[in-house]
Every structure is written in structure tokens, then in C-alpha cells.
Amino acid sequence: MSRFYSVKIVSLLWFGSVLGAACAFLTQVLLARGLGPAGLGSFVSALGIVTMLAPLASFGMGGFWLKVFGQEGWRAIRWVRSSFKYTLATTFLVLTASLTWALLGPNDASTRDLLVVLSTFLLGQVAIELVSAKLQLEERYLALTLWQFLPHLLRLLLVSMLVLVMANVMTPWSVAFAYALISLGIFILGTFYIRRLYCGQLNLKGHGELSASNNQPTLPTSIRQVAAQSWPFGLAGVFYLIYFQSDIILLKYIDGDKSAGIYNSAFAIMAAVYLLPSVIYQKFLLPKIHRWAHCDRDRFYQVYRAGNWMMLKLGLLSMLAIWLLASWGVQFFFGDSYIGAVLPLSILSLGVPIRFVAINVGSSLVTQEHMRRKVWFMAVTAFLNVALNIIFIPKYGMSGAAVATVISDILLLFLYLYSANYHVFTKREVVC
């Protein structure tokens with residue numbers, strides 16, 4: 001693959017992701033101005049709970065497909081049917097658990113109703129993950145870009161319509177219905193598309209053409225085998241969201257809806273900043289990293305080293321930009337009601353170079369047998385983050401939540417670096 005082609009593909013994915021992030025950010029701005037801090041906090045905390053359950057619904061099936069096809073090539077088709085059955089079962093169980101928590105958990109009436117409606121968000125996320133994995137395996141990057149951009153665009157259009165129609169009477173309830181409608185539409189569309197993979201129709205790239213030599217009969221796989229292989233990817237997604245988004249949920253329950261809403265404006269900015277490494281690694285490099293880890297260790301190591309320095313430089317530049325523009329950006333986009341987000345945003349920016357490097361280092365741990373170790377690191381970090389939030393939020397409010405996140409970022413990077421240096425690569429290849 002030529003360097004020009006790689007730059008072209010990354011640029012395409014980046015452009016599409018930027019558009020998606022812009023739509024998501026503008027949606028947050030409209031919600032912030034239309035709902036106010038308290039209404040926004042009520043909505044985003046309910047959405048955050050459902051979002052954290054989403055990786056359990058698909059249980060990391062997208063990441064599992066990328067790994068198994070990277071290792072087995074065309075023979076990995078044997079995993080497809082059993083993995084679909086497994087995903088159907090996990091989605092049903094998680095949807096049931098979400099509704100049970102909504103109805104029986106310690107929620108007020110408003111939160112209960114929001115959780116019930118937003119439970120449909122799980123279905124859309126499952127469809128997005130499965131279709132995205134198929135498109136990555138086929139290296140259909142334009143289709144991947146459009147597919148992942150579509151939900152953001154639809155949410156922006158629907159929320160804009162609500163703002164125009166409902167003006168100053170927009171409620172979290174109406175927004176939740178809009179999100180639910182879009183999620184159901186995405187799920188239906190994704191079901192029609194992913195059915196082709198269930199029938200064995202896949203244009204797999206990077207493993208040559210399907211032939212008699214690489215299509216030897218193999219034993220079919222069971223749901224139990226899929227569960228044994230895919231659980232690290234599912235738990236990794238859950239633990240990541242816990243330490244990335246639990247701040248908002250805990251702020252709601254500890255400090256109130258208003259604090260959660262104000263803090264969410266800082267979170268929206270940080271989510272946009274973290275878009276760059278997400279595009280490079282999750283959408284472009286990840287399928288290739290699986291192949292290189294299995295077949296080309298030299299290239300695998302070179303990409304790892306170069307990525308550390310590149311992510312550090314980009315992270316430092318992003319941190320400086322946030323410091324310089326934090327006050328102006330919060331007031332310009334969200335209004336004076338959200339000026340309290342400036343301090344937590346400035347604190348969160350300290351973690352940007354740390355997390356940028358951690359994303360690169362962590363990408364080496366999704367390969368071969370190292371994924372289980374990565375999951376345990378993420379679990380430790382997630383539990384530390386929750387504990388620190390419970391300690392800091394009552395005393396320091398939003399700033400305490402931001403400090404808890406930065407401390408968690410530091411711990412995760414340390415664990416990733418140690419494992420990459422002494423487990424993934426040989427000691428002679430240790431990098432700083």
C-alpha cells in the first residue's frame with residue numbers, strides 16, 4: 001500500500017469524521033441552548049447510561065471480527081453465523097436489563113421515562129458496530145464514512161426541526177423520542193445490509209482472493225466459542241465508557257442535573273478533540289494492525305514507535321489550543337449559562353496528550369493474546385475513576401470530576417506502556 005494511498009484514505013475518514021463530529025457538536029449546542037443546563041443534564045445522563053450498556057449488547061463483535069479475520073483470513077467465515085446468534089442473545093439480555101433498571105432502579109419519573117425511550121438507542125449502536133466492521137474488512141472506506149456520518153446528520157436535522165417547531169418549549173422527552181426514532185431507522189437499515197454477511201457474502205481485503213486453498217472445510221463454531229473469544233472486546237468498550245462518561249452520570253446523581261449539563265459542554269468539546277486518534281486507529285489502522293501483528297512484526301513495531309511520537313505532538317498542540325480558546329469557545333457555542341464549564345475543560349485538556357499516546361499504545365494490546373490483559377487494565381482504570389468521582393465530586397463538583405478523569409488517563413497510559421514494552425514487544429525493543 002503506497003503512502004499516498006494511505007494518506008488519501010485517512011484524509012477521507014478524517015473528513016467524514018470531522019463532519020460527523022461537527023454535526024454531533026452542533027446537536028449538543030442546540031440541545032444546550034434549547035433545554036438549558038438542568039434539562040440537558042437530565043437527558044445526557046440518561047443517554048450516558050444507555051450508551052455504557054451498548055458495548056454489552058453487541059459485546060465487542062465488531063472488534064472480534066477484525067481480529068479473527070485478520071488472523072484467519074477467509075476461513076474466519078466459520079465464525080459469522082454463530083456470532084450473529086450470540087449478538088442477538090446479548091442484545092436481548094442487555095435491552096431487558098436496561099428496561100429493568102429504568103423501571104426498578106432509583107430513578108425519578110422523568111429519568112425512568114427517558115431511560116425507557118432511549119433503550120432503543122442500543123439497537124442502533126449494535127447495527128452501527130456490525131456494519132462498520134464489515135465495511136472495514138472490505139476496506140470500503142467511503143461507505144464506512146457515510147454509514148458512520150448518517151446517524152449524526154439525522155440527529156442534527158431532527159433536533160433542528162424540534163428547535164424550530166417547539167422553540168422555547170423543547171423538552172428532554174421530545175429529544176429522547178427523536179433519538180429513538182433515528183436509532184430504530186438505523187437498526188432496520190443495518191439489518192438489511194448485514195444480512196448479506198450472514199449469507200456468506202463478504203469481499204474480504206488483504207487476504208487474497210477466495211480460492212480452494214484458503215477455503216478448506218473447517219469445523220463450525222458454537223455460541224460458546226464465540227463468547228469465549230469475544231468477551232474481552234465487549235468488556236473493553238464498557239470499561240472505556242465508564243471511565244470516559246461516568247463523570248456525567250455521577251454528577252447528575254451527586255450534584256444535580258444542572259452540574260451534569262454544564263459539564264457535558266466541556267465533555268462535548270473533548271469528544272471532538274479525541275476524534276483524530278479515533279479515526280486513525282479505530283477506522284483505518286486497526287484491521288491492518290491485526291494483520292501486521294500476526295504476519296509482519298517489523299512493520300507492527302515501526303508503526304507503534306512512530307505513532308507514540310506523532311500522538312504526543314498532536315496531543316500537546318491540542319492541549320495548548322484548548323487552553324487558549326476554552327473561555328471564548330464555551331461562551332460562543334453554549335452561552336453564558338455554561339461559563340462554569342471553562343475550569344473543568346481546562347483541567348481535562350491536561351489529559352489530551354496522555355490519552356492520545358495511550359490510544360496508540362493500547363492499539364498494540366488488541367492483538368493476539370494481549371486483549372485480555374488490556375481489558376483488566378481498563379477495568380482497574382474504570383473502577384478507579386468511579387471511586388475518585390465519588391470522593392471528589394461532593395467536595396469539588398465538576399472540577400473534581402475532571403481531575404478524576406486526568407488521573408485515570410495517567411494510570412491507563414502507565415499500564416499500557418508497561419505491558420506493551422514487556423509483553424507485546426521483546427525487551428530489546430523497549431521504547432520510552
Side-chain angles (χ1 to χ4, degrees), residues 54-94 123 125-141 143-144 147 187 190-237 282-297 300 363 365-375:
L56 288 175
S58 60
F59 219 70
M61 198 53 59
F64 169 67
W65 283 353
L66 295 180
K67 175 187 176 182
V68 74
F69 276 97
Q71 292 181 347
E72 299 183 13
W74 286 100
R75 295 182 182 181
I77 289 288
R78 66 195 181 98
W79 293 94
V80 171
R81 294 208 168 200
S82 53
S83 65
F84 271 112
K85 296 175 183 177
Y86 179 67
T87 302
L88 182 62
T90 54
T91 300
F92 175 78
L93 290 174
V94 173
L123 301 177
Q125 294 303 107
V126 170
I128 290 172
E129 179 176 352
L130 296 184
V131 174
S132 296
K134 182 178 186 295
L135 294 174
Q136 283 178 281
L137 291 172
E138 296 176 333
E139 296 189 0
R140 297 176 56 192
Y141 295 115
L144 174 64
W147 171 248
F187 176 73
T191 300
F192 281 112
Y193 186 83
I194 208 68
R195 184 177 178 274
R196 299 175 59 189
L197 179 57
Y198 184 80
C199 297
Q201 300 178 30
L202 176 68
N203 186 21
L204 182 64
K205 299 295 185 181
H207 297 276
E209 297 295 328
L210 181 61
S211 62
S213 61
N214 57 27
N215 193 31
Q216 296 296 325
T218 54
L219 292 175
T221 57
S222 65
I223 293 178
R224 179 177 296 182
Q225 288 175 302
V226 172
Q229 293 290 327
S230 67
W231 70 263
F233 297 94
L235 290 182
Q282 296 299 321
K283 297 183 181 180
F284 178 69
L285 281 179
L286 192 54
K288 298 171 179 58
I289 285 174
H290 283 295
R291 292 205 303 268
W292 296 333
H294 188 66
C295 305
D296 192 346
R297 297 289 297 181
F300 180 41
S363 68
L365 299 177
V366 303
T367 60
Q368 299 175 324
E369 75 281 3
H370 306 295
M371 186 64 191
R372 287 174 171 81
R373 188 175 289 111
K374 180 180 181 181
V375 170

What are the two closest non-hydrogen atoms of [X] and [Y], and how far apart are they?
X: S132; Y: I128; answer: OG-O, 2.6 Å
X: G62; Y: A133; answer: CA-CB, 3.7 Å
X: A127; Y: G190; answer: CB-CA, 4.3 Å

Problem - M61 and V126, any side-chain heavy atoms less than 4.5 Å apart - result: no
Problem - Sole candidate of Y193, F69, W147 that passes side chain to side chain contact (heavy atoms under 4.5 Å, CB included) when paired with K134 - result: Y193
Handout entry: For A143, side chain to side chain contact (heavy atoms under 4.5 Å, CB included) partners two or more places apart
Key = L135, R140
Handout entry: Pairing residues for F84 by the ring pair (Phe, Tyr, Trp, His ring centres under 6.0 Å) criterion, not counting sequence neighbours
Key =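 F84 satisfies ring pair (Phe, Tyr, Trp, His ring centres under 6.0 Å) with W65, Y198 only.
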Handout entry: Partners meeting ring pair (Phe, Tyr, Trp, His ring centres under 6.0 Å) with F64 (sequence neighbours left out)
Key =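 Per chain and number, F64 pairs via ring pair (Phe, Tyr, Trp, His ring centres under 6.0 Å) with W79.
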Problem - Contacts of T90 that satisfy side-chain hydrogen bond (donor to acceptor under 3.5 Å, both in side chains) - sequence neighbours left out - result: none
Problem - Residues that T91 engages under side-chain hydrogen bond (donor to acceptor under 3.5 Å, both in side chains), provided they are two or more places apart - result: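 Checked T91 against side-chain hydrogen bond (donor to acceptor under 3.5 Å, both in side chains); zero matches.
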